[in-house]
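Working notes for the structure below.
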There are 4 protein chains.
Amino acid sequence: MTSARARTGRPRSAEADRAILDATRAALVELGWGKLTMGDVAARAGVAKTTLYRRWAGKNELVVDAVAALFDEHLDLPDLGSLAADIESVVLRFAALLERPETKTALMAVVAESTRDEALRVRIRCAIVDRQKRLVLLGRERAQARGELPLEEDATAAARNADLIFDVIAGAVVHRALVSGQSVDEEWARGFTALLVGGLAGV
Amino acid sequence: MTSARARTGRPRSAEADRAILDATRAALVELGWGKLTMGDVAARAGVAKTTLYRRWAGKNELVVDAVAALFDEHLDLPDLGSLAADIESVVLRFAALLERPETKTALMAVVAESTRDEALRVRIRCAIVDRQKRLVLLGRERAQARGELPLEEDATAAARNADLIFDVIAGAVVHRALVSGQSVDEEWARGFTALLVGGLAGV
Amino acid sequence: MTSARARTGRPRSAEADRAILDATRAALVELGWGKLTMGDVAARAGVAKTTLYRRWAGKNELVVDAVAALFDEHLDLPDLGSLAADIESVVLRFAALLERPETKTALMAVVAESTRDEALRVRIRCAIVDRQKRLVLLGRERAQARGELPLEEDATAAARNADLIFDVIAGAVVHRALVSGQSVDEEWARGFTALLVGGLAGV
Amino acid sequence: MTSARARTGRPRSAEADRAILDATRAALVELGWGKLTMGDVAARAGVAKTTLYRRWAGKNELVVDAVAALFDEHLDLPDLGSLAADIESVVLRFAALLERPETKTALMAVVAESTRDEALRVRIRCAIVDRQKRLVLLGRERAQARGELPLEEDATAAARNADLIFDVIAGAVVHRALVSGQSVDEEWARGFTALLVGGLAGV
DNA sequence: AAGTAATCGAGACGGTACGTCGTGTCTTACA
DNA sequence: TGTAAGACACGACGTACCGTCTCGATTACTT
């Protein structure tokens, strides 16, 4: 049921959609957000610009759609037996995702654009942020089951806490990788985990 | 020794430099990163485009320098008597800086560009990242003087540690404010400080 | 057969062509060759600069085409009954054309440029020189019909002769008007015609 | 008497003047009028732009001065025994002068510029046109002495006639060489001379 | 000698135009 | 109706010259 009016005329080519999104990702890798142009994407996809604009309103929406799929490969969390091991593992997996050229370049660009575009902000939150937050919840549950962390009594505080931990983990990794521009290796992951678990005072 | 060949010819106008950076910040506020153009900045500064390009290679480098000044200006670390108070204070100041329209819109954009541009990456590191690391060093020194933190014996480890702490603090604030898109208020700052100082286990 | 590939895409606007050439002539009158700019012509024609560059490689070629149309329009050769009258008439018409501000200022300028630019030289020859040679051919034909001039037997010599006569007439008028800087009036035209028809010895 | 105020201060370098004019001619040959720039001339001459502008107001005046000297190498007229031989000879000499790249490109450019600049027009007339007119007078005198041409009774008509002949000769050669863009060789010179002496009717 | 005043080189300055590129819309002919 | 091709108006790009200016460093003629 794609709407009542879609019954007449030539139907849109589904192949074109795929070709365009593929071309967008390829262009993103080769050129980065700044040099990516609609005309270039159209040419790569073997498609007229018209076709492109008929489906997406502009560069922003196109790139977000093209990139969103990448984050759908969910980061899973195998139980490694201890809180520290679980954290280290998720940090390294997240870092590996950020190392991929198409995500690296696109993530910050889309975030930058979202500061000016409410709809985009919501889209990012749904497609990327919230989706990964469950990892924090799952890790905490396991640690509590192991007795490494105390049970939370207040549900609101628990949620607030999970948000906080998520921002700390994701933020530290992103900042290290993209702003400081240094690699997130095992050594760094160990140091970070130690700090997160034990705190500044816990040395 | 500002270079051997700079003794001849008319010297560059220091006033122009100032006017350009001011104009850049103003344009950033009014138009945002996306609509900001070199020509517009030049016009606002009452300066020829040539003058602008003689000093900066493009929009990216210009904006980095313009924004870097804000960091220098707005981030300092008054001694509030305890490690926790110092951290809370710097977190809130940093968050306030990120709320300003000229930083909010520009910071992520240049970071995004920097994933494809080594020179830009270096410039960001020098002009912003490395300069603000002083806050971490200063805070740690004070905490050590107060006896809140132990002295570091290994200088390399100490430096690595400072980098880590910087990424955690800056990353968490940026992620909360720009990616998660939620406000960094006093309550969040208190929670974050507690986590950082005491760790997950330190409840 | 206007070319094989011209069947697809939106066809070029014929109206734009007209508007651009008109605007060029107007700008030439108001500003002269030196101050005429492509941007200004585009603006006058209500056309984007791109549209202009899609059709002409630059100022030179544009002006040649704009001026060539004037030659076509203003030079013809009504049959005045005698060779002398025909020559006098074409001399005066040509002089009047050279007096117009759009031709006066532009013609020598493009000729000057053409000394360094083979393509431009060819364009001038096709668009202006060769087209006006028809006047010589027509005049000679009529004079032969009237019995004023003998018939040519050798076709090659006839062509060479027409070229020579054209250079003499056009050259003398241009030199008088633009180099010597004196007016081409009826008296001069009469004197010139007498010289051309009768020769130095023909007194 | 170079004026009252020129007595003190460092005198202008005569060497610079020479270097600049040489550089201008060289640039004219290499680049043509259109691509010649003040900055380039200054660089070739090993001189600062300031020095150049202190002596000439702009490109026009500079080039006219640089080129004027070339026309001073006067075209002489050896007596070859007949009017036709004298004309042929002067035509070929004039053509040779126009073949030189520095004159070819500069002459038309300066003439074009003169359509907008009265002072320049006067300067050209004095430095170039009038100077060569004496060749016509000399040739006519000789032809009259030989009995090839009748004596003129009316002095005014004689002067008018000389002007006319000059425009015809110079104009035809310039038009053939620069506008039609074909070479002025011996064959053309012979044909032209025959036409000039005998007229269209004199075949 | 010391002073004065115009020159010199270098190169930055505010402008203006350049010719190119990307955007998003439009107009064709064809499917 | 969709589509490929490509022209269109718009506006920014980064560069090139223009002619002027500000420097410090030479030259000459004064006193």
Side-chain angles (χ1 to χ4, degrees), chain A residues 5-13 16 34-43 45-59, chain B residues 5-13 15-16 35-43 45-59, chain C residues 5-13 15-16 35-43 45-59, chain D residues 5-13 15-16 35-43 45-59:
Chain A
R5 61 162 257 308
R7 301 290 298 280
T8 181
R10 176 171 172 178
R12 290 190 180 169
S13 156
K35 306 281 180 193
L36 180 147
T37 68
M38 296 299 267
D40 182 65
V41 169
V47 138
K49 270 200 299 172
T50 333
T51 304
L52 216 152
Y53 278 106
R54 206 173 284 118
R55 291 160 158 85
W56 290 276
K59 200 163 132 167
Chain B
R5 59 162 261 307
R7 300 296 302 279
T8 184
R10 178 172 171 176
R12 291 194 180 163
S13 157
E15 198 179 348
K35 307 278 181 193
L36 180 146
T37 69
M38 296 296 268
D40 182 66
V41 169
V47 138
K49 267 200 295 174
T50 332
T51 301
L52 217 152
Y53 279 106
R54 207 175 282 122
R55 293 161 159 81
W56 290 277
K59 196 165 136 167
Chain C
R5 59 163 263 307
R7 299 295 301 279
T8 183
R10 176 173 173 176
R12 292 195 179 163
S13 156
E15 197 178 350
K35 307 279 182 194
L36 179 146
T37 70
M38 296 298 267
D40 182 65
V41 169
V47 138
K49 267 198 296 173
T50 331
T51 300
L52 217 151
Y53 280 107
R54 207 174 283 122
R55 292 160 159 81
W56 290 276
K59 197 166 135 167
Chain D
R5 61 163 256 310
R7 302 292 297 281
T8 180
R10 178 173 172 175
R12 290 189 181 166
S13 155
E15 198 179 348
K35 305 281 181 195
L36 180 146
T37 70
M38 296 297 268
D40 182 64
V41 169
V47 139
K49 270 199 299 173
T50 333
T51 303
L52 217 152
Y53 278 106
R54 209 173 280 121
R55 291 160 159 84
W56 290 277
K59 200 163 131 166

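Letters A, B, ... mirror the listed sequences (proteins, then strands); counts begin at 1.
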Using the side-chain heavy atoms of D/T51, tell me which of these nucleotides is nearest: F/dG2, E/dA5, E/dG9.
E/dG9
Could you check which of F/dC13, F/dT3, F/dC8 has an atom nearest any side-chain atom of A/R55?
F/dT3
Whole angstrom value for the distance that separates P of F/dT27 from CD of D/E15:
12 Å
From CG of D/L52 over to C1' of E/dG9, roughly how many Å is that when rounded to an integer?
13 Å
Between D/L36 and D/K59, the two heavy atoms sitting closest are O-NZ, 3.0 Å
Rounded to the Å, how far apart are D/D40 CG and E/dG11 P?
16 Å
I'd like to know if C/T50 reaches the base of F/dA7 with its side chain such that a donor and an acceptor end up less than 3.5 angstrom apart.
no
Taking CZ from D/R54 and P from F/dT22, how many angstroms apart are they, rounded to a whole number?
14 Å
Counting only distance, no hydrogens or angles, is the base of F/dG14 paired donor-acceptor with the side chain of B/K49 under 3.5 Å?
yes
Which sits closer to the 5' end of DNA chain F, A/G46 or D/G39, going by the nucleotide each is nearest to?
A/G46
The residue, D/A57 or C/S13, whose nearest nucleotide of DNA chain F is more 5′ is C/S13
Out of E/dT25, F/dA5, F/dC18, which has the shortest distance to the side chain of A/Y53?
E/dT25
Any N or O donor-acceptor pair linking the side chain of D/R10 to the base of E/dC8 at under 3.5 Å?
no
Heavy-atom nearest nucleotide on DNA chain E taken for B/P11 and for C/G58; more 5' hit belongs to B/P11
Can you tell me how far the NZ atom of B/K49 sits from the OG1 atom of B/T37, to the nearest 0.5 Å?
8.5 Å
Heavy-atom nearest pair, D/T51 first then D/A16, reads CG2-CB, 4.5 Å
Looking at every non-hydrogen atom in both residues, tell me the closest pair between A/V47 and A/L52 and how far apart they are.
CG1-N, 4.4 Å
Winner on side-chain proximity to A/A48, out of F/dA4, E/dG24, E/dT28, is F/dA4
Can you tell me how far P of E/dT23 sits from CG of A/L36, to the nearest Å?
8 Å
Starting at CE of B/M38 and ending at P of F/dG14, how long is that distance when rounded to a whole Å?
6 Å
Once you round it to whole Å, what is the distance between C1' of E/dT16 and NZ of C/K59?
12 Å
Nearest-Å distance, NZ (A/K35) to C1' (E/dT20)?
14 Å
Can you name the closest pair of heavy atoms from B/A48 and B/A42 and give their distance?
C-CB, 4.1 Å
